[in-house]
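Chain letters run A, B, ... following the sequence lines, proteins first, then strands; residues in each count from 1.
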6 protein chains.
Amino acid sequence: MHKKVQEFNDYRSKMNEKILASDNKVIKRIFNLDTNAFKEGHLPVKTKELLGLVASAVLRCDDCVQYHLEAAKENGVTTEEMMETMSIANLIGGTIVIPHLRKALEYWEALDENTQ
Amino acid sequence: MHKKVQEFNDYRSKMNEKILASDNKVIKRIFNLDTNAFKEGHLPVKTKELLGLVASAVLRCDDCVQYHLEAAKENGVTTEEMMETMSIANLIGGTIVIPHLRKALEYWEALDENTQ
Amino acid sequence: MHKKVQEFNDYRSKMNEKILASDNKVIKRIFNLDTNAFKEGHLPVKTKELLGLVASAVLRCDDCVQYHLEAAKENGVTTEEMMETMSIANLIGGTIVIPHLRKALEYWEALDENTQ
Amino acid sequence: MHKKVQEFNDYRSKMNEKILASDNKVIKRIFNLDTNAFKEGHLPVKTKELLGLVASAVLRCDDCVQYHLEAAKENGVTTEEMMETMSIANLIGGTIVIPHLRKALEYWEALDENTQ
Amino acid sequence: MHKKVQEFNDYRSKMNEKILASDNKVIKRIFNLDTNAFKEGHLPVKTKELLGLVASAVLRCDDCVQYHLEAAKENGVTTEEMMETMSIANLIGGTIVIPHLRKALEYWEALDENTQ
Amino acid sequence: MHKKVQEFNDYRSKMNEKILASDNKVIKRIFNLDTNAFKEGHLPVKTKELLGLVASAVLRCDDCVQYHLEAAKENGVTTEEMMETMSIANLIGGTIVIPHLRKALEYWEALDENTQ
């Protein structure tokens with residue numbers, strides 16, 4: 001696994017465990033909802049992951065973008081589809097989204113090396 | 001046409017005309033991009049409109065939400081799909097998105113009456 | 001009841017009912033969490049309502065501010081405490097919060113007339 | 001004076017008075033700073049008002065935009081300069097700024113009628 | 001002192017000194033207000049620090065969160081109270097606040113080691 | 001060239017190339033607009049760069065701030081003018097802008113060493 005991807009996932013797992021161990025019910029349920037919301041529903045998982053990606057991008061949350069990039073790739077999203085989603089984020093959210101597009105593409109490439 | 005929909009579109013058209021008449025090239029091109037970005041590409045128009053909707057919702061732009069709701073409906077988005085998209089917006093963007101969900105559903109119903 | 005307060009609550013109730021009737025599980029659970037999160041816990045309800053107020057104010061959500069103003073008043077928050085909370089919102093969130101402070105104070109006064 | 005301009009200024013004045021009457025020191029000082037920050041300094045007042053305008057626009061605060069539009073006009077800003085400032089806001093802040101551009105241009109025209 | 005805490009405070013001190021040395025009156029007064037706003041008033045310091053924490057969290061400012069975590073701990077805030085405050089931030093501000101919760105908990109633990 | 005400046009520019013160039021190589025028309029045009037919008041127009045380049053700086057600062061985009069700091073320096077902006085611009089950002093955008101002011105001043109100093 002690419003170092004960048006490994007580190008991101010390790011840190012996330014470690015801290016999520018600690019957060020859940022703190023036993024705050026509201027936070028636990030939010031984490032739970034986060035899993036459920038992106039499951040197959042009226043919309044397919046792939047579309048939902050693109051929705052998660054564009055929302056994360058316009059809100060400029062790099063960690064959230066990376067999380068949805070991983071899930072997007074696992075669900076068959078192509079580079080062209082990812083870039084098209086990010087182009088909508090850049091148009092709606094403005095040029096302040098560009099630095100996040102740079103990091104997104106860098107992470108996307110790390111995910112590619114990951115699967116090779 | 002429902003009064004709410006009519007008023008929104010009339011105001012938008014009137015002011016857009018004035019904006020474009022001001023002859024600012026950057027603004028003209030942004031308006032132009034806005035049309036192009038949501039055309040069929042690697043992703044279908046329907047998916048793009050859902051991306052536009054969720055991005056507008058998390059950024060809490062009521063006018064943008066209404067604009068994408070109209071286009072979504074024209075492209076066959078069902079109420080269930082719209083609500084699923086908005087549920088992702090509410091989860092990622094938090095409960096501050098709820099007031100915009102209220103307005104979105106109200107506008108969606110106005111669009112329904114519109115087409116009857 | 002003051003007209004302003006009445007209208008706000010009527011609209012909220014009407015639309016919330018429609019939203020919940022749409023039967024989207026994620027949205028239902030978010031609404032449910034919203035009720036639970038502000039119940040007595042390690043922190044008293046009054047403190048939680050002030051937290052809800054300041055968070056709503058810096059995120060500039062007038063409807064959310066009004067909702068927490070009502071709950072704050074019901075839980076014994078004084079005008080001085082409310083203004084102190086809003087002063088922190090204005091400092092942290094900047095002068096763009098001022099228009100929301102205007103509306104907040106206006107609604108606070110409507111709530112006062114309400115209870116007379 | 002144009003009705004739109006009159007109403008905006010009347011409401012602002014009335015509520016600002018009430019806010020200042022509440023005697024919260026932090027808020028009073030923020031109001032005070034707001035006056036001082038836009039006075040002639042190393043940068044001329046006109047430039048500062050354009051800075052206030054673009055910052056208000058990307059943060060999508062209509063009241064703040066209207067306040068700076070008034071001050072901008074009083075300091076000799078032309079329609080072309082105002083639109084150029086707003087074009088930068090639309091590029092950096094994205095298309096979610098467009099609804100605020102519509103309202104800005106509408107208010108700018110109200111200010112024009114105001115001075116005739 | 002924990003390395004993480006030391007580095008954060010050293011950088012903050014060094015840069016704050018440079019900022020204040022630049023002799024900009026508006027900035028100086030904002031820094032000054034920042035000290036005053038969190039002093040005992042109608043609300044106790046502890047409550048104010050929780051207000052500062054939740055506002056910083058929903059605005060997703062890691063440095064601001066860390067600053068208020070330190071002050072919160074110094075004023076006797078427990079881990080349960082901190083997590084309850086952050087749970088409100090996550091609910092109101094959405095799942096985009098989660099990455100900041102991870103960093104907050106990490107810093108909170110560094111502060112713990114600090115005082116041992 | 002100062003290491004900080006070099007690294008920032010190298011990363012930006014490398015990733016921008018990759019982004020443009022992906023051949024997404026919407027993104028390409030946004031990049032293009034970004035160049036055009038800051039050219040001499042009704043407003044001089046120097047003013048436009050200050051507009052770009054203040055907008056980037058209130059939106060809390062460090063990379064965007066650094067980009068406009070470079071262009072500002074190249075166009076003769078003094079430290080006093082830069083700080084005055086940032087003071088308006090801090091007032092309008094609130095104390096959450098302070099961490100970005102720290103980084104901005106640090107980068108500004110790196111640019112100074114750069115040109116010596």
Residues in residues 37-55 of chain C near chain E [non-hydrogen atoms, under 4.5 Å]: C:Ala37, C:Phe38, C:Gly41, C:His42, C:Leu43, C:Thr47, C:Lys48, C:Leu50, C:Leu51, C:Gly52, C:Val54, C:Ala55

Sequence neighbours left out, cut at 3.5 Å: what donor-acceptor pairs do the side chains of residues 88-96 of chain E make with other protein atoms?
from, atom 1, to, atom 2, distance (Å)
E:Asn90, OD1, E:Ile98, N, 3.4
E:Asn90, ND2, E:Met86, O, 2.9

Interface residues of residues 76-83 of chain E facing chain C - heavy atom cut-off under 4.5 Å: E:Glu80, E:Glu81

Part of residues 5-17 of chain C lying next to chain E, heavy-atom separation under 4.5 Å: none

